[in-house]
Structures are given as structure tokens and as C-alpha cells.
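Shown next, in C-alpha cells, is the structure this report addresses.
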Amino acid sequence: MADVFEEFVAVVAEGLAGPCEVVNGADLAGRVHLSRFHFDRVIGAVAGESPFAFRRRLLLERAAYRLLAEQVAVLDVAVEAGYGSHEAFTRAFARAYGMSPREWRREASRVFFLTAPSGVHFQPPAGLRLPAREEVRGMDVLVRMVEHHVWLTGEMIERGGRLDAATLDRPIELSVEGIDDDISIRYLLDRLVWQEEMWLASVEDRPFQVPECGRQVVTPISELRVRHAEAGSRFVALVNQLNEDGRFDESFVDTTCEPPRVFTYGGMVAHVLTFAAHRRSLLIGAFYTAGTTDLGFGDPMHFVAEAK
């Protein structure tokens, strides 16, 4: 049955690259070489919904995504989703999402996934998001790297609290173009904290406004300390849970992006560690220049096992 379902999913996926073609159940059954009766029975058993409902749901998800991400007329979206009129599409959309297409478009921070027993969803720009075939567990070292990153960020915030405002806001000359501009110790500490906050908001589908930053914005170290204590512990807990559940290969929609984008949890963690490593390296050098040398190269023996 799994092979038939995969073949059916491939057929549906082919139709997501453009306007919806008119097909019926017999057409779909014929493409996977089954009778209509057996086709409905097999797909319904595996997908948890009828073939028609499965395909219709994915087309509605695509429509919902396009309404959020593109400046396209509602009628055009309706036609591409296989509806013969604006009214028919609006009724179907409202049943699925609880609001009209126009109301949906006015609220940008929404997840377009509908309830799906199979876990198969539309994935922009014209594909499908499939659940992992088996649990994917990250190595324990990945979790340890995240724990270390969050711990070291906290240590840097503490060291920042020992510096005067002039040192905290002094420009750091060495930077990488395109990542951060007009940087200072205060700025980089703030970026490390809101990176955790941003991804937590994305995973939890909460609105997130990137904080203002730059030379004119003075975020107190005491505020960073409080924010990091909350966001850092939650981010570590999230990564530990993903590892325990084997969900690093599972994907989610980041509605904080414009337009919304799909990431895997593993890709998100890799992104955080990559950019955090760059910023931490700059901070280590800046702290050293300011006379704070007890951070070493970023790991003052925090994870070295104690002698027995």
C-alpha cells in the first residue's frame, strides 16, 4: 500500500507546478493502475482521507500560501486551485481556514497547513512536504554544541556587564560584509539573544518583530541578561526535545520570513550555530582587546570532564 500511496503522491505533486487540471477519481486511479474502488480504499487507509480530499486540501494549502506570499488576484488563485468561480473558492476556503481569502491575506503571520493525518503538506514554491520515513536522531554532540553556544552567550553577556558604555559601543572594525553592519560588543550580544528569540517565535508560529539595532540603540546589559535567561533555556529545551523525538528532518513554515519559507529543524539549528559562531568569534576578539581575557578562545574548559 505504501508504494501505491507514494505513486499517488507523485502524481499529485506533478500537478502543483501550475494551474490545477481537471481530473476525477477514475483518472487518478488509472494513473496508479488501480480500479476506482481499490484506489479509494488504499489511499483512504494510508492517507486518512479520500484521494479527492487529499488533493483538494493540498491545492487549498497552495492557494493559502500564494495569498500570503504573492500579489496575485484572489480570482486567479481560485482558478489555479481548480474552482470555477470566486464564490465557490471563497466558500471552500472559509470552511477550511475559518475566514475568507481577503481576511486571510490581511493577516500575514499565519501557517497555511491544514490538518492532515498523513503529514503530507504543500511546500513552496511547488512541491510537497513529506514526513520523515523514519526517525532521524542527531548525535549528542549537536545538542552539546547548542548547549555550549547558549552557555557561552550567557558568559559573554556577564562579561559585557563589566564594561563601560564607551567600550560596549566602540565599533568593531573586523566584520564580514552582508552579515552585520556597524557592529559593537553590545550590538553582537543583542543579535545572539534575538536570534534565539526569533527562531523560537518561528517554531511556535508567533509574530516576531526584529528589534531595532545600531549605534543609536542602547540595550541595557541587564535586559539582555533577562532575555537570554528565558530564550536560551527554551532554545536548549527545544533542541533536546527534537533530538529525543528524532525530528531534525521534519520541516516547519517560518512565517517570520517575507515571504514565508520552509525549513527543517536540523537546518534551523545548523543556521543558528553557523551565524552564532561568526558573531562569537568577533566578540572574543573584542573582549580580548578590552582586557577581558578569561574567555580564552570561547571555551574556558566548561565542558572538560572533571578528574575522578
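Quick note: residue numbers are just sequence positions, from 1.
- Between V239 and F248, some side-chain heavy-atom pair lies under the 4.5 Å cut-off.
- Not a single donor-acceptor pair under 3.5 Å links the side chain of R225 to the backbone N or O of G154.
- A distance of 11.5 Å separates CG in D249 from CG in L242, rounded to the nearest 0.5 Å.
- One distance of note links CG of L60 with CZ of R55; it measures 11.5 Å at 0.5 Å rounding.
- Y288 and I183 end up in different hydrophobic clusters when Ile, Leu, Val, Met, Phe, Trp and Tyr side chains are linked at under 4.5 Å.
- Remark: R162 pairs with D294 by the salt bridge (Lys or Arg N to Asp or Glu O under 4.0 Å) rule, at least two apart or across chains.
- Inter-residue side-chain proximity for L283 and R159 is flagged as unmet; no heavy-atom pair is nearer than 4.5 Å.
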Given the rule in the ring pair (Phe, Tyr, Trp, His ring centres under 6.0 Å) test, do F54 and F8 qualify, once you have shown the distances and angles that lead to the verdict?
-> CA-CA 10 Å; F54 179 91; F8 166 65; 5.2 Å; yes
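- Just one residue in the list I185, L282, T167 forms a side-chain contact (heavy atoms from CB on, under 4.5 Å) with F287, and that residue is I185.
- Closest approach of F5 and A47 over heavy atoms only: CE1-CB, 3.6 Å.
- A heavy-atom distance below 4.5 Å is found between the side chains of L59 and R56.
- Formation of a donor-acceptor pair under 3.5 Å by the R186 side chain with backbone atoms of D169 is not found in this model.
- Remark: side-chain polar atoms of E49 are not paired, donor with acceptor, to backbone N or O of A116 under 3.5 angstrom.
- Panel note: side chain S202, backbone M198; no donor-acceptor pair is recorded below 3.5 Å.
- Look at R91 and E87 and you find no salt bridge, because none of the NZ, NE, NH1 or NH2 atoms lies under 4.0 Å from a carboxylate O.
- P117 approaches G48 most closely through the heavy-atom pair CG-O, 3.8 Å.
- Taking the side chain to side chain contact (heavy atoms under 4.5 Å, CB included) definition, one finds that A270 meets it with nothing, sequence neighbours left out.
- Hydrophobic cluster membership differs between I221 and V226, with clusters built from Ile, Leu, Val, Met, Phe, Trp and Tyr side chains linked at under 4.5 angstrom.
- Between F122 and L58, the shortest heavy-atom distance links the atoms N-CD2, 3.4 Å.
- Within the model, atoms OG1 of T289 and CD1 of I284 stand 11.0 Å from one another, a figure rounded to the nearest 0.5 Å.
- Side-chain atoms of M268 and V272, non-hydrogen and from C-beta on, do get closer than 4.5 Å to each other.
- Looking only at side-chain heavy atoms (C-beta outward), N240 and E147 come within less than 4.5 Å of each other.
- Residues passing the ring pair (Phe, Tyr, Trp, His ring centres under 6.0 Å) test with Y265 are F252, sequence neighbours excluded.
- Within the 4.5 Å cutoff, the side chain of T219 has heavy atoms near those of the R227 side chain.
- One distance of note links CD of E196 with CG of L192; it measures 7.5 Å at 0.5 Å rounding.
- For the atom pair CE of M156 and NE2 of H228, the computed distance is 10.5 Å after rounding to the nearest 0.5 Å.
- Because its NZ or CZ atom is not both nearer than 6.0 Å to the ring centre of Y187 and within 45° of the ring axis, R279 does not count as a cation-pi partner of that residue.
- Rounding to the nearest 0.5 Å gives a distance of 11.0 Å between CD of E158 and CG of L224.
- Using a 4.5 Å cut-off on side-chain heavy atoms (C-beta onward), H271 and F263 make no contact.
- Looking at heavy atoms from C-beta onward, V74 lies in side-chain contact with R105 at the 4.5 angstrom threshold.
- Contact detail for I172 and S184: the closest heavy-atom pair is CD1-C, 3.7 Å.
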Under 3.5 Å donor-acceptor pairs involving side-chain atoms of residues 95-103, not counting sequence neighbours:
residue, atom, partner, partner atom, Å
Y97, OH, F112, O, 2.7
S100, OG, E103, N, 3.2
S100, OG, E103, OE1, 3.4
E103, OE1, S100, N, 2.9

Let me check something: any side-chain donor-acceptor pairs from residues 229-238 under 3.5 Å, sequence neighbours excluded? List them with distances.
residue, atom, partner, partner atom, Å
E230, OE2, R234, NH1, 3.2
S233, OG, A229, O, 3.0
S233, OG, E230, O, 3.0
R234, NH2, E204, OE1, 2.8
R234, NH2, E204, OE2, 2.3

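- When all heavy atoms of A64 and W104 are compared, the closest pair comes out as O-NE1, 3.0 Å.
- Taking every heavy atom of both residues into account, G160 and L168 meet most closely at O-CD2, 3.6 Å.
- In this structure H86 satisfies the ring pair (Phe, Tyr, Trp, His ring centres under 6.0 Å) test with no other residue, sequence neighbours excluded.
- Ionic pairing of R36 and D40 is present here: one or more N-O contacts between side-chain nitrogen and carboxylate oxygen are shorter than 4.0 angstrom.
- Listed for the R280 side chain is no donor-acceptor partner under 3.5 Å among the backbone atoms of T153.
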